[in-house]
Protein chains: 2
Amino acid sequence: MADATSSPAPTCDVDGTCYCPLTGVITTLSRKYAMQLVSIIGAHDSLRFAEIEAHLASASTSTISKRLDEFEAAGLVSRTQYNEMPPRVEYALTEDGHELRERLEPLLEWASETDDAPKDDSDT
Amino acid sequence: MADATSSPAPTCDVDGTCYCPLTGVITTLSRKYAMQLVSIIGAHDSLRFAEIEAHLASASTSTISKRLDEFEAAGLVSRTQYNEMPPRVEYALTEDGHELRERLEPLLEWASETDDAPKDDSDT
DNA sequence: CAGGATCCTTATAGATACTG
DNA sequence: CAGTATCTATAAGGATCCTG
């Protein structure tokens with residue numbers, strides 16, 4: 001995405017054109033359910049759309065679809081389509097996706113601990 | 001937010017009341033510049049507001065202010081105010097914040113490599 | 001210096017309906 | 001099954017002005 005077209009200025013706010021895309025991968029990860037999704041997919045060899053939905057029931061179909069799209073575009077997830085009947089599509093992490101997930105897991109794990117285990121002794 | 005309502009049901013989509021806050025920390029981290037901010041603050045013992053702004057020049061004052069607020073609320077950052085003239089306020093990571101940063105750094109590092117986009121990371 | 005309040009713009013998620 | 005297209009509601013970021 002960042003080709004050598006001479007203006008690699010990361011400060012997109014110099015003009016009002018864009019809303020500051022920041023770093024690609026981080027931006028992608030900052031979207032809703034993105035991190036969880038990577039984690040879920042990586043926890044399996046491959047998953048079908050409906051299975052992903054089942055794992056992330058709180059997310060809407062279109063949201064999951066969008067995330068998946070973004071992941072594909074970012075090279076984090078691969079999509080394999082089997083033209084059968086009924087249709088079958090499998091999603092899996094790419095190598096990059098796995099590398100990401102490795103770095104993501106400690107964060108998510110810690111986050112879930114922190115979130116439901118308040119460390120402050122004074123509360124409640 | 002610090003409501004001790006005994007039922008920590010994270011599935012906010014059972015009712016249409018809220019926009020699904022997800023897991024606290026992850027949501028906080030998903031906001032713009034949030035991860036970078038944690039990284040920046042953690043790279044120093046403490047930082048003043050203006051210094052943070054300088055490190056994250058692309059972010060607006062109000063955005064930084066909001067992040068800082070959220071971090072404080074999440075117990076990730078401490079704010080120390082010195083009633084001098086001129087006013088002096090120092091921000092630093094709490095223990096929790098440091099734990100977070102430890103898990104965040106590999107991700108950010110990998111992300112910047114992957115993205116190949118030089119960010120406004122002034123110091124190491 | 002440090003930031004809050006306000007207003008505005010844009011981005012993003014969800015619902016719904018429809019298709020290959 | 002596996003989505004896409006469209007629309008709407010809302011949230012989130014930025015600019016600006018203003019204060020302690």
Side-chain angles (χ1 to χ4, degrees), chain A residues 11-22 24 26-37 41 46-73 77-92, chain B residues 1 11-22 26-37 41 46-73 77-92:
Chain A
T11 46
C12 62
D13 37 62
V14 290
D15 62 340
T17 320
C18 71
Y19 224 60
C20 210
L22 282 187
I26 294 297
T27 302
T28 298
L29 281 181
S30 292
R31 300 195 204 290
K32 206 165 175 182
Y33 302 111
M35 304 194 207
Q36 289 90 340
L37 214 31
I41 299 176
S46 73
L47 279 179
R48 301 176 61 174
F49 193 87
E51 292 176 317
I52 295 176
E53 279 191 299
H55 278 284
L56 210 56
S58 44
S60 68
T61 301
S62 47
T63 298
I64 294 179
S65 181
K66 274 185 237 168
R67 285 315 144 258
L68 253 21
D69 249 28
E70 292 155 5
F71 289 159
E72 254 199 283
V77 161
S78 66
R79 203 190 88 121
T80 312
Q81 182 174 344
Y82 302 92
N83 283 320
E84 315 169 342
M85 202 47 195
R88 183 190 193 83
V89 176
E90 305 253 343
Y91 292 92
Chain B
M1 181 190 286
T11 47
C12 62
D13 39 292
V14 290
D15 63 340
T17 320
C18 71
Y19 224 60
C20 209
L22 283 187
I26 294 298
T27 301
T28 299
L29 281 181
S30 292
R31 300 197 204 290
K32 205 164 175 183
Y33 302 110
M35 305 195 207
Q36 289 89 342
L37 214 30
I41 299 177
S46 74
L47 279 178
R48 302 176 60 174
F49 193 87
E51 292 175 317
I52 296 176
E53 279 190 298
H55 278 281
L56 210 56
S58 43
S60 68
T61 301
S62 47
T63 298
I64 294 180
S65 181
K66 276 186 235 167
R67 286 312 143 261
L68 253 22
D69 249 27
E70 292 156 6
F71 289 159
E72 253 199 285
V77 161
S78 66
R79 202 190 90 118
T80 311
Q81 180 173 345
Y82 302 91
N83 283 321
E84 315 171 340
M85 205 43 194
R88 183 189 193 85
V89 176
E90 306 251 343
Y91 292 93

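In what follows, chains are A, B, ... by sequence order, proteins preceding strands, each numbered from 1.
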- Message: Counting the atoms with a prime plus P, OP1 and OP2 as sugar-phosphate, which does B/Tyr82 contact under 4.0 Å by heavy atoms, base, sugar-phosphate, or nothing?
- Response: nothing

- For atom CD of B/Glu53 and atom C1' of C/dG4, their distance in whole Å: 13 Å

- Message: Which residues pass the side-chain hydrogen bond (donor to acceptor under 3.5 Å, both in side chains) test with B/Ser30, not counting sequence neighbours?
- Response: none

- Task: Go through C/dG14, D/dA2, C/dC1 for me and flag the one nearest to the B/Pro86 side chain.
- Result: C/dC1

- Task: Tell me which nucleotide among C/dG14, D/dG14, C/dC1 gets nearest to the side chain of B/Thr63.
- Result: D/dG14

- Note on the structure: For A/Glu90, the side-chain hydrogen bond (donor to acceptor under 3.5 Å, both in side chains) test, sequence neighbours excluded, returns A/Ser46, A/Arg88

- Message: With a cut-off of less than 4.0 Å, is there a side-chain N or O of A/Arg31 near OP1 or OP2 of C/dT12?
- Response: yes

- Message: Going by salt bridge (Lys or Arg N to Asp or Glu O under 4.0 Å), name the residues that satisfy it together with A/Arg31, two or more places apart in sequence or in a different chain.
- Response: A/Glu70

- Is the phosphate of C/dG3, meaning OP1 or OP2, less than 4.0 Å from a side-chain N or O of B/Tyr91? yes

- Query: Among all residues two or more places apart in sequence or in another chain, which pass the side-chain hydrogen bond (donor to acceptor under 3.5 Å, both in side chains) test with A/Thr63?
  - Reply: A/Ser60

N/O to N/O distances under 3.5 Å, protein versus nucleotides 4-8 of chain D:
unit_1, atom_1, unit_2, atom_2, d
D/dT4, OP2, A/Ser65, OG, 2.2

- Item | Distance test, side-chain N/O of A/Lys32 to OP1/OP2 of C/dA11, below 4.0 Å | no

- Task: Please list, chain by chain and in numerical order, all residues satisfying side-chain hydrogen bond (donor to acceptor under 3.5 Å, both in side chains) with A/Gln81, sequence neighbours excluded.
- Result: A/Arg79, A/Asn83

- Has A/Arg48 got a side-chain N or O lying under 4.0 Å from the OP1 or OP2 atom of D/dC1? no

